[in-house]
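Step one of this worksheet: look at the structure below.
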2 protein chains.
Amino acid sequence: MPTPSSSPIATENRLVEPLVALIGLFKEHAEACIGALGLSMPQAVALLGLDTPLSQRELADCLRYDASNITGIVDGLERRGLVERQVDPADRRVRRIVVTEDGAALVDHLRECLFRDEPLVGTLDAAEVAQLRDLLVKAVGDRASSSWVEMLRPRR
Amino acid sequence: MPTPSSSPIATENRLVEPLVALIGLFKEHAEACIGALGLSMPQAVALLGLDTPLSQRELADCLRYDASNITGIVDGLERRGLVERQVDPADRRVRRIVVTEDGAALVDHLRECLFRDEPLVGTLDAAEVAQLRDLLVKAVGDRASSSWVEMLRPRR
DNA sequence: TATTGTTATACTCTATAACTATA
DNA sequence: TATAGTTATAGAGTATAACAATA
């Protein structure tokens, strides 16, 4: 029996295919969580990065956005009352972005939805999930990027 | 010692964080492979979907692009001599997109680069990689999307 | 009338460059 | 002079709608 010519590369033992499939599931899940809260992806990414109050410049660096984009993203969040711009009295050029109570409640909801394992694990039992997690952690090693929210945005 | 207030959700046993970190590594890797061949992401996605000749409509459906986008993507690939539009003699409305020899050689390179496990597995040994793969396969179950290349494009 | 592919257009996300107000 | 933020603008990627050719 000849090797099927449409599959020149054996895929049986490859990691990439199932990983990419799982990535697809996670993206669907993340978009559902974020869309359900009426947030755009950059707004969600920014909110998740605002665990602690940051200047817009710091937020841009942390999220690896160009600073010019932060204005519009924060505009939208501010219009919804989720964050406030507070002028730094020590340096009146900088605006410190502070999450409001409403914003904090919304981010809590977002995290609770986004960080659930259930949408990802299918029929894995608890021991297998733990095993999967350990293997992922070891695979990533020290190569984890500074801000996990980067994953949610297209790069470059 | 108080629980750090900046981490209201325990992350120690969660799957999402390391998965997202691994996704970030894969995206870097994929973008490097694709960029090195001078392809845009949609061009790469299209080429990878053209394992078998398809009409533009079929390609659009398979990739879940709107059909109007296929024109420009195929234009670019055709200019580089990677694919050809062949008018279907049985129905002169449809253009069958056929990968040329040059295109096939380039896709082979792309697959060889893209599908390597090494950039993903870090310090995992062969047995651990196999274990990780089995767990990923089981986690995904029958929920894998029809076309894995979807992962490479932002959705919605 | 329905379908394939194309064009024109609009919207989102991102980056670059020029501007302002502070420092 | 340098930095924080804003504005204007451009480019990529995607979708919708109208159109031409063909069925």
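Every value quoted in this text rests on a predicted model; they were computed, and no experiment measured them. First the proteins, then the strands, lettered A, B, ... as listed; each starts at 1. Side-chain atoms are counted along with the backbone in the values below, which use heavy atoms only and exclude waters and symmetry mates.
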Does dA21(D) have its OP1 or OP2 closer than 4.0 Å to a side-chain nitrogen or oxygen of Arg93(B)? no
Between dA4(D) atom P and Gln86(A) atom CD, what is the distance in whole Å? 19 Å
Ranking dG5(C), dA23(D), dA17(D) by distance to the side chain of Ser68(B), first place goes to dA17(D)
In terms of side-chain heavy atoms of Arg92(A), which of dG5(D), dA23(C), dT6(C) is nearest? dA23(C)
Looking at Leu59(B) and Ile70(B), what are the two nearest heavy atoms and their distance? CD2-CG2, 4.2 Å
Separation of dG11(D) atom P from Asp66(A) atom CG, nearest Å, is 16 Å
Using a 4.0 Å heavy-atom cut-off across all strands, classify Arg85(A) as base, sugar-phosphate, or nothing. sugar-phosphate
Any Gln56(B) side-chain nitrogen or oxygen under 4.0 Å from OP1 or OP2 of dT6(C): yes
Specify the separation, in whole Å, of atom CZ of Arg95(B) and atom P of dA20(D). 16 Å
Donor-acceptor pair between Arg96(B) and Gln56(B) side chains, under 3.5 angstrom: no
Nucleotide of dA15(C), dG5(C), dT6(D) approaching Asn69(A) most closely (side-chain heavy atoms): dA15(C)
Calculate the interatomic distance between Asp75(A) atom CG and dT12(C) atom P; express it in whole Å. 14 Å
Rounded to whole Å, please give me the gap between CZ in Arg57(A) and P in dT22(C). 17 Å
Compare the minimum distances between each of dA15(C), dT22(D), dT14(C) and the side chain of Pro42(A), then state the nucleotide with the smallest one. dT14(C)
With heavy atoms under 4.0 Å as the rule, sort Asp91(A) into base, sugar-phosphate or nothing. sugar-phosphate
Check every strand shown and say whether Ser40(B) touches a base, only sugar-phosphate, or nothing at a heavy-atom separation below 4.0 Å. sugar-phosphate
Distance, rounded to the nearest Å, where Ile70(A) contributes CD1 and dA4(D) contributes P: 13 Å
Using whole Å, what does the distance between atom P of nucleotide dG13(D) and atom CE of Met41(A) come to? 18 Å
On a heavy-atom basis, which atom in Gln43(B) and which in Ile73(B) lie closest, and how many Å separate them? CA-CG2, 4.0 Å
Where do His29(B) and Leu114(B) come nearest, in terms of heavy atoms and distance? NE2-O, 3.3 Å
From the options dT14(C), dT7(C), dA15(D), select the nucleotide whose nearest atom is closest to the side chain of Tyr65(A). dT14(C)
Can you find a side-chain donor-acceptor pair between Ser68(A) and Asp66(A) that sits under 3.5 Å? yes
Please report, rounded to the nearest Å, how far the C1' atom of dT4(C) is from the CG atom of Leu54(B). 14 Å
